[in-house]
Number of protein chains: 2
Amino acid sequence: MLSNSSKYALKAVLFLALHANENNKMMVKDISERINVPKAYIAKLLQELSKRRILSSTKGPKGGFYINEANKNQPIMKIIDIIDGKKRIESCALSLEDCNEHIPCPLHALINPSRSKMIALLESKTINDLAMDLKLNKAFLPV
Amino acid sequence: MLSNSSKYALKAVLFLALHANENNKMMVKDISERINVPKAYIAKLLQELSKRRILSSTKGPKGGFYINEANKNQPIMKIIDIIDGKKRIESCALSLEDCNEHIPCPLHALINPSRSKMIALLESKTINDLAMDLKLNKAFLPV
DNA sequence: TCTTAAATATGATTAATATCATGTTTTTAT
DNA sequence: ATAAAAACATGATATTAATCATATTTAAGA
């Protein structure tokens, strides 16, 4: 469903939401170690998220990444969209180009209700929502 | 969610369920054309499904593939399992090894109810169920 | 202003999927 | 028996996703 890249990106973003802020930026190296994703790999993803303004960053000493309060209110789907594109998660289960409610593929009725629900949740739940779950030990992100 | 291979396999199996039987076997060439999947590719998948006894086949003139009545009652998930393995569809949304109800990953609560539902349906709906939907024009498989 | 520490840009490599190709075996019909 | 028609087995190639590497740019602090 999600690419590795999206999974990694999500982990990094949630980690930043919990542990970084403008006065306490996080370096790639530390993020990488704490979320257990190869440094060079997560670096590239962080750079992309930063370029797309969902994360903030500064170069040089004391530099690093963080996510500002406004962006914490972005939906989870935003990250997935930036990294994977919405198409990946939304396209027909059998990859039929013009599958829809009126011309459903054989899997449509089985899959779509569940998937629509899932997508709606990814679009309504924010980064902050999930970060809060982590903070309150309602969810876990083991390394 | 599903690999291309699983999607192709499913299309082929449903096509056979509708259009082939022991007295009217279907050749790779015809299957390939009717479901719009490259011949050499679908051939390999059909051979695998045949080896795993979910499809039947005979060699030589008048040979080809079909699916017997018993196998039409196999769940959709069987095909997916043979081609992709169950793990692919069942593993944690963030690929955390030990994500479960007690130690849920941050996406678990969002994703799992929907996904469990989906998996349950793939395990309960049979090949024949979906073939009937096609027959009754409740679903479509455009090429 | 120089050094150092960080992100950034870019591209190379590796691994996994997807796709293609072909010689071998089996079966049917002549 | 033999020829032809089909699946079968095996492996090669191509494409995409995942991972790694590094030179460049920017900012901080001495």
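Values below: every heavy atom of this structure, side chains too, minus hydrogens, waters and symmetry copies. Within every chain, numbering begins at 1; the chains are lettered A, B, ... in the order of the sequence lines, protein sequences first and strands thereafter.
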Could you give the [atom1]-to-[atom2] distance, from [X] to [N], as a whole number of Å?
| X | N | atom1 | atom2 | answer |
| --- | --- | --- | --- | --- |
| K87(A) | dT16(D) | NZ | P | 13 Å |
| K39(B) | dA21(C) | NZ | P | 11 Å |
| K51(B) | dT25(C) | NZ | C1' | 15 Å |
| I42(A) | dA18(D) | CD1 | C1' | 13 Å |
| Y41(A) | dG11(C) | OH | P | 19 Å |
| I31(B) | dC8(D) | CD1 | P | 11 Å |
| K11(A) | dA18(D) | NZ | P | 14 Å |
| Q47(B) | dT19(C) | CD | C1' | 14 Å |

- Report, as yes or no, whether the 6.0 Å neighbourhood of atom NZ on K125(B) holds more than 12 heavy atoms from other residues, nucleotides or ligands. no
- Query: Shared ILVMFWY cluster between Y66(A) and L49(A), side chains joined below 4.5 angstrom?
  - Reply: no
- Is there a path from L134(A) to I67(A) through hydrophobic residues (I, L, V, M, F, W, Y) whose side chains come within less than 4.5 Å of each other? yes
- Message: Between the side chains of E33(B) and K29(B), is the shortest nitrogen-to-carboxylate-oxygen separation below 4.0 Å, so that they form an ion pair?
- Response: yes
- Query: Do NZ/NE/NH1/NH2 and the carboxylate oxygens of K72(B) and E69(B) come within less than 4.0 Å?
  - Reply: yes
- Expected list for residues 89-98 of chain A near DNA chain C, using heavy atoms below 4.0 Å, is none
- Go through residues 55-63 of chain B and report each residue with a non-hydrogen atom lying under 4.0 Å from DNA chain C, sorted by number. K59(B), G60(B), P61(B)
Taking only the side-chain heavy atoms of [X] (C-beta and beyond), determine which of [options] contains the nearest atom.
| X | options | answer |
| --- | --- | --- |
| M27(B) | dA7(C), dA7(D), dA21(D) | dA7(D) |
| N4(B) | dA18(D), dT19(C), dC8(D) | dT19(C) |
| K44(B) | dG11(D), dA7(D), dA18(D) | dG11(D) |

- Return no unless some side-chain N or O of S5(B) is found under 4.0 Å from OP1 or OP2 of dT17(C). no
- Under 4.0 Å: is that the gap between some side-chain N or O of Y8(A) and OP1 or OP2 of dT19(D)? yes
- Query: Can any side-chain N or O of S6(A) pair as donor or acceptor with the backbone N or O of L2(A) at less than 3.5 Å?
  - Reply: no
- Would you find a donor on one side and an acceptor on the other, under 3.5 Å apart, between the side chain of R115(A) and the backbone of S91(A)? yes
- Message: Angle between the two end axes of the helix from dT1(C)-dA30(D) to dT30(C)-dA1(D), five base pairs per end, rounded to 10 degrees?
- Response: 0°
- Query: Quick one: CG on D81(B) to NZ on K86(B), what's the gap to the nearest 0.5 Å?
  - Reply: 5.5 Å
- Query: Start at the 5' end of DNA chain D and walk down; is the nucleotide closest to D84(A) or to V28(B) reached first?
  - Reply: V28(B)
